[in-house]
Amino acid sequence: MRLIDGIQRFGFRKWYERELLKSHAHLTLTFLCAVAVFAAVEAALTFRSLQDQIVDALAIVAAGAIGIWALRRYLYLLMHAEFVANQADCPRCGVYARFKLAEPAETEGAITVCCRDCAHQWAIRE
């Protein structure tokens, strides 16, 4: 979900919370894939038939690939949420995450927001 769509639909704080929850769900998937890789390696060392070892090798490759994808996705979502959150302070009054979208809200890779306390406008880059 794009930043502007998320803020319009949920508000900044809920958008930020949802991004963190999504990123940590990917971290959980990474952990589960690591467990699956270890289990598949253990099974590959236990079974001696060629067919079982091929299945175990495929399981290792699949769990490893999914784990690497999930780790990359976790890091991206976490860093994106933190990058945006670091810009959520009003430059004038210093209040955190109390803003609304300004009109026009979207410009070249950034959204324009307006502080609810002091009405100062600033851009938040994605």
Side-chain angles (χ1 to χ4, degrees):
M1 176 178 294
R2 290 183 24 213
L3 175 62
I4 192 166
D5 297 333
I7 291 174
Q8 283 175 340
R9 186 170 178 193
F10 303 113
F12 176 75
R13 290 178 191 232
K14 289 287 185 186
W15 171 85
Y16 180 66
E17 179 182 323
R18 290 171 65 92
E19 288 294 302
L20 291 180
L21 286 173
K22 284 193 291 188
S23 71
H24 284 85
H26 283 88
L27 181 62
T28 303
L29 179 61
T30 301
F31 176 74
L32 293 175
C33 286
V35 170
V37 166
F38 293 140
V41 167
E42 173 93 18
L45 296 175
T46 304
F47 297 113
R48 295 291 175 210
S49 73
L50 181 62
Q51 183 180 6
D52 288 339
Q53 287 182 344
I54 290 173
V55 169
D56 292 335
L58 291 175
I60 291 169
V61 169
I66 292 170
I68 290 170
W69 171 83
L71 181 62
R72 289 180 51 123
R73 189 73 182 150
Y74 161 72
L75 292 172
Y76 170 76
L77 289 171
L78 184 67
M79 291 299 111
H80 181 252
E82 290 300 313
F83 179 72
V84 172
N86 287 334
Q87 302 174 61
D89 292 330
C90 175
R92 184 181 292 163
C93 67
V95 70
Y96 176 73
R98 289 197 34 88
F99 57 81
K100 60 185 178 186
L101 295 175
E103 296 296 330
E106 193 168 15
T107 58
E108 306 166 7
I111 61 170
T112 306
V113 295
C114 180
C115 180
R116 289 185 183 158
D117 290 345
C118 67
H120 179 70
Q121 290 188 1
W122 76 97
I124 294 180
R125 292 182 293 129
E126 289 190 66

Please identify which of these residues, L29, V35, T30, meets the side-chain contact (heavy atoms from CB on, under 4.5 Å) condition with C33.
L29

Over 12 non-hydrogen atoms of neighbours within 6.0 angstrom of OH in Y96
yes

Which heavy atom of D117 sits nearest to which heavy atom of C93, and what is that distance?
CB-SG, 4.3 Å

Derivation and outcome, side chain to side chain contact (heavy atoms under 4.5 Å, CB included), residues H24 and L78:
CA-CA 8 Å; H24 284 85; L78 184 67; 4.3 Å; yes

Considering non-hydrogen atoms only, spot the tightest contact between I60 and A40 and give its length.
CG1-CB, 3.4 Å

Worked verdict on R73 versus Y76 for side chain to side chain contact (heavy atoms under 4.5 Å, CB included)
CA-CA 5 Å; R73 189 73 182 150; Y76 170 76; 3.6 Å; yes

Closest non-hydrogen contact found for F99 with A88 is CE2-CB, 4.0 Å

When rounded to the nearest 0.5 Å, the distance separating CD of Q121 from CD of E103 is 9.5 Å

For A97 and F12, which heavy atoms make the closest approach, and how far apart are they?
CB-CD2, 3.5 Å

Quick one: does Y16's side chain get under 4.5 Å of E82's, heavy atoms only?
yes

Given the rule in the side chain to side chain contact (heavy atoms under 4.5 Å, CB included) test, do L20 and E17 qualify, once you have shown the distances and angles that lead to the verdict?
CA-CA 5 Å; L20 291 180; E17 179 182 323; 5.9 Å; no

Determine whether more than 12 heavy atoms belonging to other residues, nucleotides or ligands lie under 6.0 Å from atom CZ of F83.
yes

Under the 3.5 angstrom rule, does the side chain of T112 hit a backbone N or O of A102 as a donor-acceptor pair?
no

So CG of L71 and CD1 of I66: to nearest 0.5 Å the spacing works out to 13.5 Å

Would you find more than 12 non-hydrogen atoms of other residues, nucleotides or ligands less than 6.0 Å from E42 atom CD?
no

What heavy-atom pair brings V37 and A63 nearest, and what distance separates the two atoms?
CG2-CB, 3.6 Å

Should L58 and L50 be counted in the same cluster of Ile, Leu, Val, Met, Phe, Trp and Tyr side chains packed under 4.5 Å apart?
yes

So which heavy atom on W122 is nearest to which on C114, and how close?
CZ3-C, 4.4 Å

Identify whether M79 and I124 are in the same connected component of the hydrophobic contact network (ILVMFWY, side-chain heavy atoms under 4.5 Å).
yes

Report the distance from atom OG1 of T28 to atom OH of Y74, rounding to the nearest 0.5 Å.
9.5 Å

Quick one: are W15 and R9 in side-chain contact, heavy atoms under 4.5 Å?
no

Would you give the length of the straight line joining atom CG of L3 to atom CD1 of I111, rounded to the nearest 0.5 angstrom?
4.0 Å

Which residue pairs satisfy the side chain to side chain donor-acceptor pair (under 3.5 Å) criterion with at least one member in residues 84-94, sequence neighbours excluded?
R92-H120

